[in-house]
Amino acid sequence: TLATPEAPTVVTPFEACVVDGATVADLNITADEGFDIQVYLDEGLDASVDDTEVLVSGNYYVTQTSAAGCESEATMITVDLKDSEAPTLATGDNVFCEFDDATVADLEENIVGDGTITWYTSATGTGTYNRSDVLQNNTTYYAALTPTGECESSARLPVSVTLEVCEIMIPDAFSPNGDNVNDTFVVDNLASEYPNFKMEIYNRWGDSVYTGGASTPSWDGSSSEGSFGSGVLPAGVYFYILYYNDGQTAPIQGRLYLSR
């Protein structure tokens, strides 16, 4: 009569992150010398699994078999796989100005989740983006969240990006009074859409008081030109000429009110 092997004794409960994709081969099981290990999904030992089977949380059952083909009773091994919630989108969308050179890092302004965000190129693959990568139009980016001291989320949030030509918004007034509200005259989206622009501002007598460009895109109500030096200009109506300098868009002019 062939002896039946003892059930495996060197079996350690297994913990891992879902995102790691651990398989049966990763289980902490040691067979006695000369014996082979077999893992089952059920206590009745009807559903065996091989080493490539991806683990799920729950109980597995392990036996060992002798060279003569005698199989032992089963020892249970517990598998506990941890996971985190995927991040979510805040209110709003992910539309950026075409020439803003927005990066992957800018996407995180619209993400809700406490932890580290990893940006992937697909819903399940391993390819990732750097936070400094410039966003591409009509592209979907996938965000996974890793809370501090926890597992990375196995689910990823898809974030679709649209790049569009943004409207140039020219205000008609500003109030450089130091209250941090509307303190500068700045044209939204101008520098990003027309990086070579030039702006000239004149007082009501036609004297140039300010000249700006991409490196100085906002006016704080102080003079930078001519006999006015760097003095603070009085409240009143001023006039601007805006040169887009893109080779095709004609300059425009208008008026604005400086309030103090």
Side-chain angles (χ1 to χ4, degrees), residues 16-23 54 81-171 180 182-199 212-219 240 242-252 254:
C17 297
V18 170
V19 73
D20 293 336
T23 66
V54 176
L81 301 181
K82 309 290 186 181
D83 204 358
S84 297
E85 294 291 331
T88 58
L89 276 177
T91 301
D93 52 28
N94 293 287
V95 177
F96 297 87
C97 294
E98 186 174 1
F99 300 110
D100 262 352
D101 289 333
T103 66
V104 170
D106 293 310
L107 292 177
E108 295 181 16
E109 295 181 7
N110 204 23
I111 294 292
V112 177
D114 187 13
T116 301
I117 299 293
T118 302
W119 291 96
Y120 288 91
T121 59
S122 62
T124 58
T126 58
T128 58
Y129 292 104
N130 294 318
R131 296 179 77 252
S132 59
D133 288 342
V134 175
L135 296 176
Q136 302 300 310
N137 194 27
N138 298 323
T139 299
T140 300
Y141 298 78
Y142 297 86
L145 175 66
T146 306
T148 302
E150 299 181 26
C151 294
E152 180 182 290
S153 62
S154 60
R156 299 171 184 172
L157 172 71
V159 179
S160 297
V161 167
T162 301
L163 303 181
E164 62 181 26
V165 177
C166 294
E167 183 179 0
I168 302 301
M169 304 293 291
I170 304 178
N180 296 319
N182 200 28
D183 272 341
T184 60
F185 175 70
V186 59
V187 180
D188 289 344
N189 304 318
L190 179 61
S192 60
E193 299 295 328
Y194 300 95
N196 297 316
F197 85 91
K198 178 183 178 182
M199 179 186 295
S215 62
T216 54
S218 61
W219 181 41
Y240 63 81
L242 178 58
Y243 302 90
Y244 293 104
N245 290 333
D246 65 344
Q248 58 184 12
T249 307
I252 63 170

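Counting begins at 1 with the first residue of the sequence. As a basis for the values below, the full set of heavy atoms in this structure was taken, side chains included, without hydrogen atoms, waters or symmetry mates.
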Notebook entry, point to check: Per the side-chain contact (heavy atoms from CB on, under 4.5 Å) rule, which among D106, N138, L107, T140 passes with V161?
Noted result: L107
Checklist line | Heavy-atom side-chain proximity of L145 to I117 below 4.5 angstrom | finding: yes
Note to self: Within this structure, what is the CD-OH distance for the pair E108 and Y141, rounded to the nearest 0.5 Å?
What the structure shows: 13.0 Å
Next item on the list: May I have the step-by-step check of side-chain contact (heavy atoms from CB on, under 4.5 Å) for W219 and Y240, ending in yes or no?
Entry: CA-CA 11 Å; W219 181 41; Y240 63 81; over 6 Å; no
Note to self: Please check: side-chain N/O of N137 versus main-chain N/O of L163, any donor-acceptor pairing under 3.5 Å?
What the structure shows: yes
Check: For A155 and A86, which heavy atoms make the closest approach, and how far apart are they?
Finding: O-CB, 3.4 Å
Next item on the list: Determine the minimum heavy-atom distance between A214 and P195, stating which atoms define it.
Entry: CB-O, 3.2 Å
Check: Is the backbone N or O of M169 less than 3.5 Å from a side-chain atom of D188, with the two atoms forming a donor-acceptor pair by type?
Finding: no
Check: Are the side chain of E193 and the backbone N or O of A191 linked by a donor-acceptor pair below 3.5 Å?
Finding: no
Item checked: For V186, the option from T184, D183, N182 that meets side-chain contact (heavy atoms from CB on, under 4.5 Å) -> T184
Check: Does CD in E150 sit with more than 12 non-hydrogen atoms of other residues, nucleotides or ligands closer than 6.0 Å?
Finding: yes
Checklist line | For the student: nearest non-hydrogen atoms of M199 and L190, plus distance | finding: CE-CD2, 4.2 Å
Notebook entry, point to check: Should the pair Y194 and Y244 be assigned to parallel (<30°), tilted (30 to 60°) or perpendicular (>60°) ring geometry?
Noted result: tilted
Item checked: Considering all heavy atoms, the nearest I168-V187 contact -> CG2-CG1, 3.3 Å
Next item on the list: Let me see the working for I252 and I170 under side-chain contact (heavy atoms from CB on, under 4.5 Å), right down to the final yes or no.
Entry: CA-CA 11 Å; I252 63 170; I170 304 178; 3.4 Å; yes
Next item on the list: Please report the shortest heavy-atom distance between P87 and S153, naming the atom on each side.
Entry: CD-OG, 4.2 Å
Next item on the list: Would you check if V159 and L157 make a side-chain contact, meaning some heavy-atom pair closer than 4.5 Å?
Entry: yes
Note to self: Once rounded to the nearest 0.5 Å, what's the spacing between atom CD1 of I111 and atom OG1 of T88?
What the structure shows: 7.5 Å
Note to self: Quick one: does any side-chain atom of R156 pair with a main-chain N or O of S122 as donor and acceptor, under 3.5 Å?
What the structure shows: yes
Note to self: Once rounded to the nearest 0.5 Å, what's the spacing between atom CH2 of W119 and atom OG1 of T128?
What the structure shows: 12.5 Å
Notebook entry, point to check: To the nearest 0.5 Å, how far apart are OH in Y120 and CD in E152?
Noted result: 3.5 Å
Next item on the list: State the OG1-CG distance between T148 and D114, to the nearest 0.5 angstrom.
Entry: 6.0 Å
Next item on the list: Please name the pair of heavy atoms, one in S132 and one in T103, separated by the smallest distance, quoted to 0.1 Å.
Entry: O-CG2, 3.6 Å
